[in-house]
Amino acid sequence: MRKIEPEGSVPGERTLEINAAEVRPSGRYVLYWMTAFRRAGWSFALERAADWARELGKPLVVLEALRCDYAWASDRFHRFVLDGMARNARSFDRRAVTYYPYVEPSKGAGRGLLEVLAENACIVVTDDYPAFFLPRMREAAARRVAVRMEAVDSNGLLPIRATDRLFKTAHSFRRFLQKELPDRLARFPKPDPLKGADLPAGRRLGLPLDRWPRATARLLAGDAGALRTLPIDHSVAPAGLRGGETEGRRRLRAFVRRRLAGYAEERNRVGEETTSGLSPYLHFGQISTHEIVTAVLHAEKWKPARLARKATGSRAGWWGLSTAAEAFLDQLVTWREVGFNMAALEPRYERYETLPSWARKTLKDHEGDQREHVYTLRQFERAETHDTLWNAAQRQLVTEGRINNYLRMLWGKKILEWSPTPRKSLAVMIELNNKYALDGRDPNSYSGIFWCLGRYDRPWGPERPIFGKVRYMSSASTRRKMDLGVYMKVHGPW
DNA sequence: ATCGGCTCGCGCAA
DNA sequence: TGCGCGAAGCCGAT
């Protein structure tokens, strides 16, 4: 039997069949189950779903669900995702697409929703994201759904399955990217995959969803009273920035226009807005790396001929852009995607055992060292250490859902220094980062945490107590190097 | 203000 | 087999 494939331009290396079932051309619609790439533009997954709908001549149904039972679910993350769902509702309602936003009102209430929708689907397309509970949820769904399911990778510039190699340093990953990216720069997702897609209208599908009522406008508006009714952690308050694709795009424009040119020199200035601030939007899939890269390349009037011929792994000069743009793209592409490489290829990416062996050895050698200060998770959480700078960074995390890039490293290094064991320090970092950081639970966030313990880094001398040969950082040097006045004022004691 | 040394693994040249 | 080099460091010498 001929295998059905849609016409389209989504690269084969980004699509993955995740069950053995057949496509069902007699179904009533194509179902796109949006779980990670929560946006209407620049998404290979949505593009693939639209390709299928056109190929089969069926309407497209988009299901975007928000569970309440995942770890660390709180007002903070719900509000951010709901902002995005409200925006998606507007984007999709202007198209010939049936958008179904579902917010789980109680634990387990969403069970069965996907299967019921899949019963009438020709095919289910979903997102291929390599971290948190999403891979497990996707696998469980693939076993229960009796129609073909595809997962599509719209994570970054490099498809997560482009290689089997697990990269141990940014340098070797960068060198690999410099060989692999040129071909992929010509195959970006469409800014608006539904434009001109010519899909049949699906306005009156009469979905049998009485058991799973569509999210109310009040909830999508992020109404505080509506949030309070959900069984999630209300002690972690919304972070004070609006989520959603439009807001992410607005920030991208502002960054490129006003802050990109000074990025290389100013990114570590504490207490000023000098970075893009896009990582929460990237984490929840509300903006795409492809869109960001396109905006940067456009601002720099870039041409493919500017690419260096040789892949040396060097941090600057490969793109042929300004120093600032090269530095920014190194963060966005090299450092973000090396974390996706880890999460996609190493199922134990959250485990201490995945640290490089030199780091595990040296930390073990120093596990018995005397600790001058030792704090519990709760003391760290409440910013109750002896170090006012560390406390300020922790308070920024709790109130804003982020920490200044440079201070985040110091934050982690000190948790290592002030914990009974390196393993316990890892547990504290993961707990606090996942609970409070908008971009926590992301592959990228794990890179940041594990870097503090030696991942992607090299040994440094001299060997010190507790740290061994793991790179040491000190609050005293940080205070000397940086102007912390404004920062300490804003994040001073509660 | 700037420099070297501290230390290990990788990729490439030879 | 040798060599250069690497997420943002630290410290002491000059």
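Computed from a predicted model, the values in this text were never measured in an experiment. Letters go in sequence order (proteins before strands), and every chain restarts at 1.
Note: OH (Tyr472(A)) to P (dG12(C)) measures 12 Å, nearest angstrom. Straight-line distance from the CZ atom of Arg458(A) to the C1' atom of dG5(B): 11 Å, rounded to whole Å. Following rounding to the nearest Å, His366(A) (NE2) and dT7(B) (C1') show an atom-to-atom distance of 13 Å. With rounding to whole Å, Asp457(A) atom CG is found 8 Å from dA7(C) atom P. Following rounding to the nearest Å, Asp365(A) (CG) and dT7(B) (P) show an atom-to-atom distance of 14 Å. Between the CH2 atom of Trp411(A) and the C1' atom of dA8(C) there is a distance of 17 Å, given to the nearest Å. In this entry the distance linking CZ of Arg479(A) with P of dC10(C) reads 13 Å, nearest Å. One interatomic measurement links the two molecules: CG of Asn405(A) to C1' of dA8(C), which rounds to 10 Å at whole-angstrom precision.
Nucleotides dG9(B) and dC10(C) have their C1' atoms positioned 22 Å apart, rounded to a whole Å. The P atoms of dC3(C) and dG5(B) are separated by 15 Å, rounded to the nearest whole Å. Using C1' as the reference atom, dA14(B) and dG4(C) are 14 Å apart when rounded to the nearest Å.
Applying the side-chain hydrogen bond (donor to acceptor under 3.5 Å, both in side chains) criterion to His386(A), with sequence neighbours excluded, gives His373(A), Tyr375(A).
Comparing dC8(B), dC12(B), dG6(C) against the side chain of Arg175(A) picks out dC12(B) as the nearest. Among the nucleotides dA7(C), dG9(C), dC12(B), the one closest to any side-chain atom of Gln331(A) is dA7(C). Taking every side-chain heavy atom of Met409(A) into account, dA8(C) is the closest of dA7(C), dC12(B), dA8(C). Looking at the side chain of His171(A), the nearest of the listed nucleotides dG6(C), dC8(B), dA8(C) is dG6(C). You'll find that the side chain of Arg464(A) is closest to dC11(C), out of dC11(C), dA8(C), dA13(B). The side chain of Lys179(A) lies closest to dC12(B) when the candidates are dC12(B), dT7(B), dC10(C). The nucleotide whose nearest atom lies closest to any side-chain atom of Lys168(A) is, among dA7(C), dC10(B), dA13(B), dC10(B). Taking every side-chain heavy atom of Pro459(A) into account, dT7(B) is the closest of dA7(C), dT7(B), dC11(C).
A centroid separation of less than 6.0 Å is found between the aromatic rings of Phe255(A) and Phe328(A). Less than 6.0 angstrom separates the ring centroid of Phe80(A) from the ring centroid of Tyr281(A). Taking the six-membered ring for Trp and the full ring otherwise, the centers of Trp390(A) and Phe380(A) sit less than 6.0 Å from each other.
Ser474(A) has a side-chain polar atom (N or O) that falls below the 4.0 Å cut-off from OP1 or OP2 of dC10(C). Tyr406(A) has no side-chain polar atom (N or O) that falls below the 4.0 Å cut-off from OP1 or OP2 of dA7(C). Regarding contacts with the backbone of dA7(C), a side-chain N or O of Arg315(A) is found under 4.0 angstrom from either OP1 or OP2. For Lys361(A) and dC8(B), the shortest distance from a side-chain N or O to OP1 or OP2 is not below 4.0 Å. Listed pair Ser477(A) / dC10(C) meets the phosphate criterion, a side-chain N or O lying under 4.0 Å from OP1 or OP2. OP1 or OP2 of dG11(B) has at least one side-chain nitrogen or oxygen of Arg165(A) nearer than 4.0 Å.
Using a 4.0 Å heavy-atom criterion, one finds that Lys481(A) contacts the sugar-phosphate atoms exclusively. If you check every strand for non-hydrogen atoms under 4.0 Å, Arg174(A) touches sugar and phosphate atoms only.
Interatomic distance, Ile449(A) CD1 to Leu416(A) CG, rounded to the nearest 0.5 Å: 12.5 Å. Taking OH of Tyr436(A) as the reference point, atom CD of Glu400(A) lies at 14.5 Å (rounded to 0.5 Å).
Mapping Pro462(A) and Ala311(A) onto DNA chain B by nearest heavy atom places Pro462(A) closer to the 5' end of the strand. If Leu410(A) and Trp451(A) are placed on DNA chain C by their nearest nucleotide, the residue sitting closer to the 5' end is Trp451(A).
Residue pairs meeting the salt bridge (charged side-chain N to carboxylate O under 4.0 Å, His left out) criterion with at least one partner in residues 338-347 of chain A, sequence neighbours excluded, are Glu346(A)-Arg348(A).
Taking 4.0 Å as the cut-off between side-chain N and carboxylate O, Arg138(A) and Asp128(A) count as a salt-bridged pair.
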Pairing pattern in dot-bracket form [Watson-Crick, G-U; both distances under 3.5 Å; | = partner strand] for DNA chain B: ||||||.||||||.
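Between the side chain of Gln178(A) and the main chain of Gly313(A), a donor-acceptor pair closer than 3.5 Å is present.
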